[in-house]
Amino acid sequence: MKGFLLVVGLVLVLTPSVFCWSKEGHMMTCKIAQDLLEPVADEAVRNLLPDYAKGDLSALCVWADQIRHWYKYRWTSSLHFIDTPDKACSFVYSRDCHDPKGQKDMCVAGAISNFTTQLLHYKHGTSDRRYNLTEALLFLSHFMGDVHQPMHVGFTSDEGGNTIQLHWYRHKSNLHHVWDREIILTALKDYYNNDVDTFQKDLVNNYTAGAWSDDVSTWRNCNDLLSCPTRYATESINLACKWGYDGISDGDTLSEEYFESRFPIVAKRIAQGGVRLAMFLNHIFGEHNSDIVAPT
Ligand SMILES: *[C@@H]1O[C@H](CO)[C@@H](O)[C@H](O)[C@H]1NC(C)=O
Ligand SMILES: *[C@@H]1O[C@H](CO)[C@@H](O)[C@H](O)[C@H]1NC(C)=O
Ligand SMILES: *[C@@H]1O[C@H](CO)[C@@H](O)[C@H](O)[C@H]1NC(C)=O
């Protein structure tokens with residue numbers, strides 16, 4: 001029995017978590033966002049962060065992945081992704097946003113709206129005691145990253161590519177994991193000397209002065225915070241179909257060609273997640289959101 005528990009324990013420790021942008025992806029999204037906060041939002045975020053984060057949101061951007069297997073937080077596990085019908089290549093909120101038991105709104109798009117709604121009460125001081133706004137901030141920050149990872153809005157039968165086994169260069173991986181981590185880690189190694197800060201600076205440079213600087217204002221377009229996550233999820237399933245699944249079968253080996261053509265997409269999604277998280281937080285905590293009504 002002891003041996004069995006030890007093995008189970010080791011498996012739990014050693015199994016890479018299956019559903020998440022890598023730690024690095026989430027941290028870059030949150031760093032980009034925090035750097036774009038206006039003073040009022042910046043102060044609110046610092047107030048909500050626990051002391052041990054020392055004011056750094058990115059330090060807790062993977063918190064939602066760390067707690068998802070704890071008993072108390074089991075209800076959050078379906079909030080990291082969306083399963084859409086195989087090959088449909090579309091996201092329809094009323095059809096797809098639910099957990100495996102069919103409970104409505106329990107998907108990443110619903111979660112972003114949920115925690116946005118909770119946080120909108122912060123500045124009015126009308127927060128419901130049931131809601132922990134520190135947790136709402138950490139969930140929102142994490143799920144804004146996840147909804148931008150194309151394979152987090154994937155097909156149902158392959159669990160967003162998790163059951164599509166393949167090789168990434170010489171080691172075993174799966175299609176979901178390629179998009180969560182492999183592409184990011186290969187880029188870090190090949191282009192950035194394994195330095196996340198350099199990677200992040202390159203992203204920032206590309207939306208301030210470089211290739212995306214003309215697009216970045218359209219990334220921020222959002223008339224209604226509570227429905228924009230549906231648009232982000234739709235973008236993701238479209239990218240998943242066009243760039244993730246296309247031409248892939250079980251047992252393939254992916255290497256340079258896949259990496260070089262997909263890296264720009266991964267990079268852009270990390271940056272978009274960061275820019276949009278900042279836009280959300282600036283609206284949620286800022287003074288200029290009279291057009292956005294906090295639902296009760
Ligand atoms: C919204 O958050 C509350 C807890 O703060 C939770 O009980 C509820 O299930 C969440 N719903 C969604 C769609 O995230
Ligand atoms: C809110 O959640 C954070 C993170 O789980 C926790 O450390 C803190 O104690 C909670 N606050 C309250 C008032 O329960
Ligand atoms: C930034 O843009 C340059 C030029 O288009 C490109 O080579 C580089 O890979 C981009 N970096 C990121 C992180 O997007």
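Side chains included, hydrogens not; waters and symmetry mates left out as well; all remaining heavy atoms used. Remember, it's 1-based here, ligands and their atoms both numbered in the order they're listed.
- Using a 4.0 Å heavy-atom criterion, the residues that approach ligand 3 are Y192, F199, D202, L203, N206, W212, F263, A267.
- Atom numbering of ligand 2 starts at 1 in the shown order; those under 4.0 Å from a heavy atom of W63 are 5 (O).
- At least one side-chain heavy atom of M151 sits under 4.5 Å from a side-chain heavy atom of L175.
- Relative orientation of the W168 and Y258 rings is perpendicular, given thresholds of 30° and 60° on the angle between their planes.
- Taking any N or O of E135, backbone or side chain, at least one lies under 3.5 Å from an N or O belonging to ligand 2.
- Each of the following atoms of ligand 1 lies closer than 4.0 Å to a heavy atom of M106: 9 (O), 11 (N), 12 (C), 13 (C).
- Note: Y93 and F91 have perpendicular aromatic rings, judged against thresholds of 30 and 60 degrees for the angle between ring planes.
- Looking at heavy atoms from C-beta onward, R276 lies out of side-chain contact with C228 at the 4.5 angstrom threshold.
- Put simply, part of Y73 is less than 4.0 Å from ligand 2, judged by heavy atoms.
- A donor-acceptor contact shorter than 3.5 Å links the side chain of S77 to the backbone of R74.
- Taking the six-membered ring for Trp, F139 and Y131 have ring centres at least 6.0 Å apart.
- Residue D105 places no N or O, backbone or side chain, under 3.5 Å from any N or O of ligand 1.
- Ligand 1 places these atoms under 4.0 Å from at least one heavy atom of L79: 14 (O).
- Within the listing of ligand 2, atoms 1 (C), 2 (O), 3 (C), 8 (C), 10 (C), 11 (N), 12 (C), 14 (O) sit less than 4.0 angstrom from a heavy atom of N132.
- Here the two rings, on H142 and H26, have centers that are under 6.0 Å apart.
- Contact annotation for Y131 and ligand 2: no heavy atom of the residue comes within less than 4.0 Å of the ligand.
- Y192 pairs with exactly one of T198, D197, D202 by the side-chain hydrogen bond (donor to acceptor under 3.5 Å, both in side chains) rule, that one being D202.
- Looking only at side-chain heavy atoms (C-beta outward), P85 and D96 come within less than 4.5 Å of each other.
- Ligand 1 has F115 within reach: a non-hydrogen atom of the residue lies less than 4.0 Å from it.
- Atoms of ligand 1 found under 4.0 Å from any heavy atom of A111, numbered from 1 in the order shown, are 14 (O).
- In Q118, the part holding a heavy atom less than 4.0 Å from any atom of ligand 1 is the side chain.
- The existence of a salt bridge linking K31 and D35 is excluded, since no basic side-chain nitrogen approaches an acidic carboxylate oxygen closer than 4.0 Å.
- Using a 4.5 Å cut-off on side-chain heavy atoms (C-beta onward), W179 and L239 make no contact.
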